Amino acid sequence: MSDTILSSQLSTIGDDVSSQQAVKQVAARQKHEFNKLHKRLRRQVGNAIIDYDMIREGDRVMVCLSGGKDSYTLLEILRNLQRNAPVDFSLVAVNLDQKQPGFPEHVLPEYLDGVGVEYHILERDTYSVVKEKTPEGKTTCALCSRLRRGSLYGFAEEIGATKIALGHHREDILETLFLNMFFGGSLKAMPPKLLSDDGKNIVIRPLAYCREADIAEFSRRMAFPIIPCNLCGSQPNLQRQVVKEMLNEWDAKHPGRLETMFKAVTNIAPSQLADRDLFDFHGLEEKRETLMANRISAFDLGREV
């Protein structure tokens, strides 16, 4: 064998070894990044659960699973935390099949059977009701949300669920805040923990501290079988989408702004707003008189001595 051929073969082998090493390095780096992402989501969900006392000993948590990235992530993180949680609680996944045309009914049962989670598929033809009742050109979100919420709340009672877990994340909460400000004339968002109006159900949002971008990346890495919504998600010019784009633009131009805005939702000063039901503006004079009457005067103290 000539020196030229031998040199060529050795060079090829060297290139192959270098390529394999590069592939291994990339794989190791990706695994490391995924582990960091997973730990961050676990920590944020755990902190939200602790901060708002979301889950207690013996709770049966109904995880509402839509087939989107958020609810898949919620279920996975709760399953992960369940193994090492200081309290014992159970999980049951529930999907509301709204009978949308083309909905792949097999996807969720196959996934949930694969991961070994107790689940129920609740069939309610809310799709037809929404399409029938919503005027042409109007968005379906409000009616769809009410029907879906009513169905899930009622079913939670049937299966003995003590908590209802929804997959709303940090951006969902901020978007709702601005939607209510811009279009509803009210200063409210989505609380991490909520008692339903009828007093029968407690709703929790364990992803409240989590960034949507982190959830999207986690979902991609986990290769969840995503089911797109062809009812609300396909509507053009949704107000929520407009607000989402506004927040994304702010976040791109001013990194950290969304974190500050979310902190504001948790740090409210009622006396610095203008809600007469939330703060007693009419009683300020009486409060001043009480404070003045109880105030100790340094001059009087000196005179008594």
Side-chain angles (χ1 to χ4, degrees), residues 38 41-42 45-46 48-49 54-85 87-127 130 144-169 172 192-194 196 200-208 210 215-216 218-233:
H38 193 188
L41 290 171
R42 277 187 45 156
V45 171
I49 290 173
M54 292 185 182
I55 299 177
R56 295 183 176 183
E57 180 72 28
D59 268 340
R60 179 167 167 80
V61 182
M62 185 178 98
V63 181
C64 298
L65 193 65
S66 66
K69 69 182 190 310
D70 305 328
S71 58
Y72 274 124
T73 298
L74 173 62
L75 178 62
E76 179 61 24
I77 298 299
L78 286 179
R79 288 179 62 235
N80 199 274
L81 290 175
Q82 186 184 31
R83 302 187 190 106
N84 303 305
V87 297
D88 182 52
F89 66 94
S90 60
L91 298 172
V92 53
V94 173
N95 169 252
L96 177 60
D97 181 356
Q98 299 177 269
K99 296 305 175 184
Q100 297 179 28
F103 182 79
E105 298 180 357
H106 65 285
V107 171
L108 285 172
E110 288 180 358
Y111 173 79
L112 293 167
D113 284 333
V115 297
V117 173
E118 178 189 351
Y119 70 91
H120 298 274
I121 305 297
L122 179 61
E123 298 185 1
R124 297 285 189 274
D125 188 6
T126 60
Y127 178 87
V130 170
C144 179
S145 177
R146 285 198 300 271
L147 293 174
R148 186 171 63 247
R149 187 164 56 244
S151 298
L152 291 170
Y153 282 11
F155 191 66
E157 290 185 74
E158 290 183 28
I159 63 174
T162 56
K163 302 286 172 61
I164 300 175
L166 303 179
H168 297 122
H169 47 68
D172 284 327
K193 186 178 181 182
L194 171 72
S196 61
K200 295 180 179 179
N201 299 106
I202 292 180
V203 176
I204 59 175
R205 296 181 169 98
L207 298 181
C210 301
I215 293 171
F218 182 77
S219 176
R220 186 187 70 82
R221 295 286 190 94
M222 292 293 294
F224 294 134
I226 302 298
I227 302 174
C229 174
N230 60 4
L231 180 58
C232 59

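Just so it is clear, the model here is predicted, and its values are computed rather than measured.
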Trainee: Could you please spell out the steps behind the side chain to side chain contact (heavy atoms under 4.5 Å, CB included) verdict for V94 and Y119?
Mentor: CA-CA 6 Å; V94 173; Y119 70 91; over 6 Å; no
Trainee: Measure the CG-CD1 distance between L81 and I49 for me, rounded to the nearest 0.5 Å.
Mentor: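 Reported value, rounded in 0.5 Å steps: 5.5 Å.
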Trainee: How would you list, by chain and number, every residue that makes a ring pair (Phe, Tyr, Trp, His ring centres under 6.0 Å) with Y153, sequence neighbours excluded?
Mentor: none
Trainee: Which pair of heavy atoms, one from L122 and one from S151, lies closest together, and at what distance?
Mentor: CD2-O, 3.8 Å
Trainee: Tell me, do F89 and R60 make a side-chain contact under 4.5 Å, heavy atoms counted?
Mentor: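 Side-chain contact under 4.5 Å: no.
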Trainee: Hey, are the side chains of P109 and I121 touching, using non-hydrogen atoms and a 4.5 Å cut-off?
Mentor: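 Yes. Closest side-chain heavy atoms under 4.5 Å.
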Trainee: Using a 4.5 Å cut-off on heavy atoms from C-beta on, say whether the side chain of I215 contacts that of L207.
Mentor: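 Answer yes - side chains close enough.
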Trainee: With a 4.5 Å limit on heavy-atom distance, are the side chains of N201 and E157 in contact?
Mentor: yes
Trainee: Looking at SG of C210 and NE2 of H169, how far apart are the two atoms once the value is rounded to the nearest 0.5 Å?
Mentor: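 Here the interatomic distance stands at 9.5 Å.
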Trainee: Supply the atom-to-atom distance M54 CE to D59 CG, rounded to the nearest 0.5 angstrom.
Mentor: 12.0 Å
Trainee: Assess whether side chain to side chain contact (heavy atoms under 4.5 Å, CB included) is satisfied between V61 and V92, documenting all intermediate values.
Mentor: CA-CA 6 Å; V61 182; V92 53; over 6 Å; no
Trainee: R42: which residues meet the salt bridge (Lys or Arg N to Asp or Glu O under 4.0 Å) condition with it, sequence neighbours left out?
Mentor: none
Trainee: Could you tell me which non-hydrogen atom of A48 sits nearest to which non-hydrogen atom of P206, and how far apart they are?
Mentor: CB-O, 3.7 Å
Trainee: Does F218 have any ring pair (Phe, Tyr, Trp, His ring centres under 6.0 Å) partners at least two apart in sequence or in another chain, and if so, which?
Mentor: F34, H38
Trainee: Let's go through V203 and L166 carefully: what are the C-alpha distance in whole Å and the side-chain angles of both, what is the deciding distance for side chain to side chain contact (heavy atoms under 4.5 Å, CB included) to 0.1 Å, and is it a yes or a no?
Mentor: CA-CA 7 Å; V203 176; L166 303 179; 3.5 Å; yes
Trainee: Between the side chain of E57 and the main-chain N/O of V87, is any donor-acceptor distance below 3.5 Å?
Mentor: no
Trainee: Would you find more than 12 non-hydrogen atoms of other residues, nucleotides or ligands less than 6.0 Å from R56 atom CZ?
Mentor: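 12 or below, so no.
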Trainee: Assess the side chains of S71 and S66: does a donor N or O sit below 3.5 Å from an acceptor N or O?
Mentor: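 S66 and S71 do have a side-chain donor-acceptor pair below 3.5 Å.
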Trainee: Quick one: closest heavy-atom pair of V63 and L74, and the distance?
Mentor: CG1-CD2, 3.9 Å
Trainee: Identify, with sequence neighbours excluded, every residue that meets ring pair (Phe, Tyr, Trp, His ring centres under 6.0 Å) alongside Y111.
Mentor: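 Residues passing ring pair (Phe, Tyr, Trp, His ring centres under 6.0 Å) with Y111: Y72.
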Trainee: Got a second to check how far N95's CG is from H120's NE2, nearest 0.5 Å?
Mentor: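 With rounding to 0.5 Å, CG (N95) is 12.0 Å from NE2 (H120).
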Trainee: Give every residue pair that meets the salt bridge (charged side-chain N to carboxylate O under 4.0 Å, His left out) criterion with at least one member in residues 100-117, sequence neighbours excluded.
Mentor: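 For residues 100-117: K99-E105.
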Trainee: Evaluate K163 against M62 for side chain to side chain contact (heavy atoms under 4.5 Å, CB included), listing each step before the verdict.
Mentor: CA-CA 6 Å; K163 302 286 172 61; M62 185 178 98; over 6 Å; no
Trainee: Atom CG in L65, atom CG in L91: separation rounded to 0.5 Å?
Mentor: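 Here the interatomic distance stands at 11.5 Å.
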Trainee: Please round to the nearest 0.5 Å and tell me the distance separating atom NZ of K200 and atom CD1 of I164.
Mentor: 12.0 Å
Trainee: Which pairs with one or both residues in residues 69-80 pass salt bridge (charged side-chain N to carboxylate O under 4.0 Å, His left out), sequence neighbours excluded?
Mentor: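 Qualifying pairs: K69-E212, E76-R79.
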